[in-house]
2 protein chains.
Amino acid sequence: MASHGVRGRSGGRPTLEEVAARAGVGRGTVSRVINGSPRVSEATRAAVEAAVAELGYVPNTAARALAANRTDAIALVVPEPETRFFTEPYFSDMLRGVGAALSDTEMQLLLIFAGSDRERQRLAEYLAAHRVDGVLLVSVHADDPLPDMLSQLEIPAVISGPRSADETLTSVDSDNYGGARQAVEHLIGRGRRTVAHITGRLDVYGAQRRVDGYRDALRDAGHEADELLIERGDFSEEGGRRAMEALLERRPDLDAVFAASDVTAAGARQALREAGRRIPDDVALVGYDDSAIARHMDPPLTSVRQPIEEMGRAMTNLLLAEVADRRPSATRELERRQMVLATELVERASS
Amino acid sequence: MASHGVRGRSGGRPTLEEVAARAGVGRGTVSRVINGSPRVSEATRAAVEAAVAELGYVPNTAARALAANRTDAIALVVPEPETRFFTEPYFSDMLRGVGAALSDTEMQLLLIFAGSDRERQRLAEYLAAHRVDGVLLVSVHADDPLPDMLSQLEIPAVISGPRSADETLTSVDSDNYGGARQAVEHLIGRGRRTVAHITGRLDVYGAQRRVDGYRDALRDAGHEADELLIERGDFSEEGGRRAMEALLERRPDLDAVFAASDVTAAGARQALREAGRRIPDDVALVGYDDSAIARHMDPPLTSVRQPIEEMGRAMTNLLLAEVADRRPSATRELERRQMVLATELVERASS
DNA sequence: ATCACTTGTGGGAGCGCTCCCACGGTACCT
DNA sequence: AGGTACCGTGGGAGCGCTCCCACAAGTGAT
């Protein structure tokens with residue numbers, strides 16, 4: 001019995017079958033129309049569409065998911081505590097890009113935080129249950145097990161910022177190498193002779209690339225390499241400060257600094273101030289990220305901007321393609337794709 | 001966890017039936033164990049649990065949703081552009097509360113923005129497809145059609161901030177009336193004699209309640225009512241400014257102002273400054289919301305704090321209860337529930 | 001006229017679950 | 001002893017879709 005539990009017979013939502021009856025066609029045909037198959041005659045299509053409209057038919061997602069073995073949803077996984085998500089514009093920009101790419105799709109976006117162990121546990125179950133067709137992974141640390149878990153579960157995934165030069169996942173990144181070059185070339189172009197670099201955490205691939213860009217830009221400009229001009233930082237303010245102090249000690253003659261992040265630059269600025277160096281008169285300073293602090297620093301900080309929103313859009317499109325590829329067990333082309341987007345130097349008073 | 005990834009000999013994820021076979025029981029029994037039914041013997045339960053663990057069984061959500069006619073998901077609908085969501089701490093606090101209430105639940109949270117017409121269109125389809133079991137509605141404007149749409153679709157919903165005294169939806173609100181009283185009583189307690197009020201948009205129910213609280217607090221303190229001390233605002237800075245100017249014109253002797261929002265207070269502060277009144281020496285000022293600007297204002301603003309996170313938690317619990325009630329077509333008790341949470345006065349230098 | 005395609009269509013067979021009825025077994029009554 | 005309660009359990013009957021095979025009808029070449 002059981003037919004109509006909670007709702008009345010005519011009160012429930014119409015089903016495919018009911019639409020078919022109304023339109024005087026078979027179930028399969030309605031399904032074809034709903035899914036936009038080309039193998040339907042114009043007349044039939046019109047009839048079905050009329051029936052759909054009259055009945056107010058809306059497909060049942062659960063039934064579709066069960067039958068077709070897909071969920072029509074992707075997840076944006078943020079392996080950070082919620083706080084950072086709200087604090088850092090990075091995430092809202094990213095979210096905007098993802099949303100834009102999804103906006104004319106049937107795909108649904110799930111936002112999942114995995115900052116705490118507890119949340120990670122939930123996420124693992126979530127993925128094991130294959131509740132999404134694909135995953136967007138942002139801000140992943142080098143030793144995070146998440147990417148491997150995803151490959152093992154054979155869930156399509158796109159990562160922002162590859163973990164290494166031979167990242168196995170499809171990835172989208174901004175041009176860390178090129179961005180660093182832009183910064184350094186800018187400094188040289190302004191007549192600076194002795195450009196130092198405070199790196200980021202070197203277990204982050206992007207930070208390595210920035211060092212490479214720094215080195216190559218100097219070399220190409222005919223400046224001789226000087227490892228004494230490079231000091232290790234860790235993206236933090238305190239790290240920037242310490243690194244700057246070390247640099248001033250070693251090379252008091254430096255007249256420019258390229259810092260691997262704006263926050264690092266803020267730390268460097270402190271150390272410079274304390275050493276009595278004026279910015280930009282004595283020492284020019286360039287940061288990376290073009291975050292809010294860059295604009296509000298005194299003096300405002302020249303910085304390398306990454307096209308975050310565009311990255312979000314690109315990641316989403318790549319993921320959608322990957323999901324689509326996997327649909328009818330298409331030719332499994334394990335062609336890994338790495339997309340790199342250009343950065344932009346935002347010039348301000350610090351350089 | 002699941003030693004054998006997801007693939008078994010049969011290639012796919014294990015099903016209920018496979019678990020049943022493995023445990024030597026029937027399909028129904030496994031279902032009962034999975035869903036925590038008490039009508040299973042201890043021995044059987046253990047056997048099933050062992051089989052589940054060995055096989056790494058994870059229920060198929062789509063199948064469950066289809067058979068049980070539920071989704072195990074609720075939506076947090078934000079009828080605002082994304083920007084506001086990220087800018088205003090209100091939303092992150094709310095989200096934190098909702099997350100907390102959901103954290104030991106199987107329920108999934110969907111975050112849905114409905115700021116633009118386009119997004120609202122999508123939302124409508126979304127709801128029509130019954131893709132969530134319930135909806136959390138925050139920051140709803142008085143004339144928003146969303147609440148009615150929800151009732152019509154018979155989707156359980158909880159609203160933050162009832163639209164009127166006889167809100168039909170279950171609602172959670174902070175005690176606007178009591179908060180206003182706190183503010184005014186505080187001012188009187190500090191010896192202020194002539195307390196003015198700049199209201200919010202009076203088509204917002206909460207703003208009306210604040211006026212009521214203001215009036216009653218004055219009356220109970222034995223101050224005679226004076227409508228000249230009340231001026232209409234609209235929650236905006238400019239509105240606060242204009243209202244303050246009007247008040248100063250009418251009642252130059254006022255020595256305290258209770259503004260319906262921090263932003264309004266900021267506008268009032270400007271007008272006071274321009275009129276040469278010192279805060280708090282000449283005029284004491286109290287705001288509402290305890291937002292970031294309250295802390296950063298000069299002088300820091302005394303303000304009424306609403307327990308946003310707690311409201312989120314309460315809303316979620318009410319919604320979960322409502323969803324559960326509706327499960328086996330239980331006694332449809334149309335008992336509307338309105339929960340009101342206490343506010344707290346945060347005293348700072350402005351009063 | 002026959003054959004070989006192509007195109008549009010109907011509908012059976014599931015997808016993996018929940019719901020619920022039926023049934024054998026025990027326990028407690030009369 | 002028979003009757004009446006329950007348990008705990010197995011499994012049929014769907015939930016509303018998609019997939020795919022079968023088949024009628026049309027097209028053109030032979």
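When reading the values below, keep in mind they use all heavy atoms of this one structure, side chains included, and skip hydrogens, waters and symmetry mates. Numbers restart at 1 for each chain; the letters A, B, ... are given by sequence-line order, proteins then strands.
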Quiz item: Can you check whether Thr29(A) has a side-chain N or O nearer than 4.0 Å to OP1 or OP2 of dG10(C)?
Solution: yes

Quiz item: Is there a donor-acceptor pair closer than 3.5 Å between any side-chain N or O of Arg45(A) and the backbone N or O of Gly36(A)?
Solution: no

Practice problem: Salt-bridge test for Asp144(A) and Arg120(A): reply yes if a basic N is under 4.0 Å from a carboxylate O, no otherwise. | Solution: yes

Exercise. Kindly indicate whether the side chain of Leu169(B), heavy atoms from C-beta on, has any atom under 4.5 Å from the side chain of Ser171(B).
Key: no

Self-check item: Sugar-phosphate or base contact per nucleotide [nucleotides 16-23 of chain D; S, B, -; heavy atom under 4.0 Å]
Solution: BBB-B---

Quiz item: According to a strict under-4.0 Å criterion, is Thr44(A) in side-chain N/O contact with OP1 or OP2 of dG8(C)?
Solution: no

Quiz prompt | Bend angle of the helix from dA1(C)-dT30(D) to dT30(C)-dA1(D), end axes from five pairs each (to 10°) | solution = 50°

Quiz item: Does any non-hydrogen side-chain atom of Val135(B) lie less than 4.5 Å from one of Pro156(B)?
Solution: no

Practice problem: Using a cut-off of 6.0 Å, state whether more than 12 heavy atoms not belonging to Asp93(A) lie near its atom CG. | Solution: yes

Quiz item: Should the ring pair Phe86(B) and Phe85(A) be called parallel, tilted or perpendicular, given that the plane angle runs from 0 to 90° and is split at 30 and 60?
Solution: tilted

Practice problem: Test Val132(B) against every option in Leu76(B), Val323(B), Leu110(B) by the side chain to side chain contact (heavy atoms under 4.5 Å, CB included) rule and name the one that passes. | Solution: Leu110(B)

Exercise. Using the test salt bridge (Lys or Arg N to Asp or Glu O under 4.0 Å), find all partners of Arg22(A) that sit at least two apart in sequence or belong to another chain.
Key: Glu54(A)

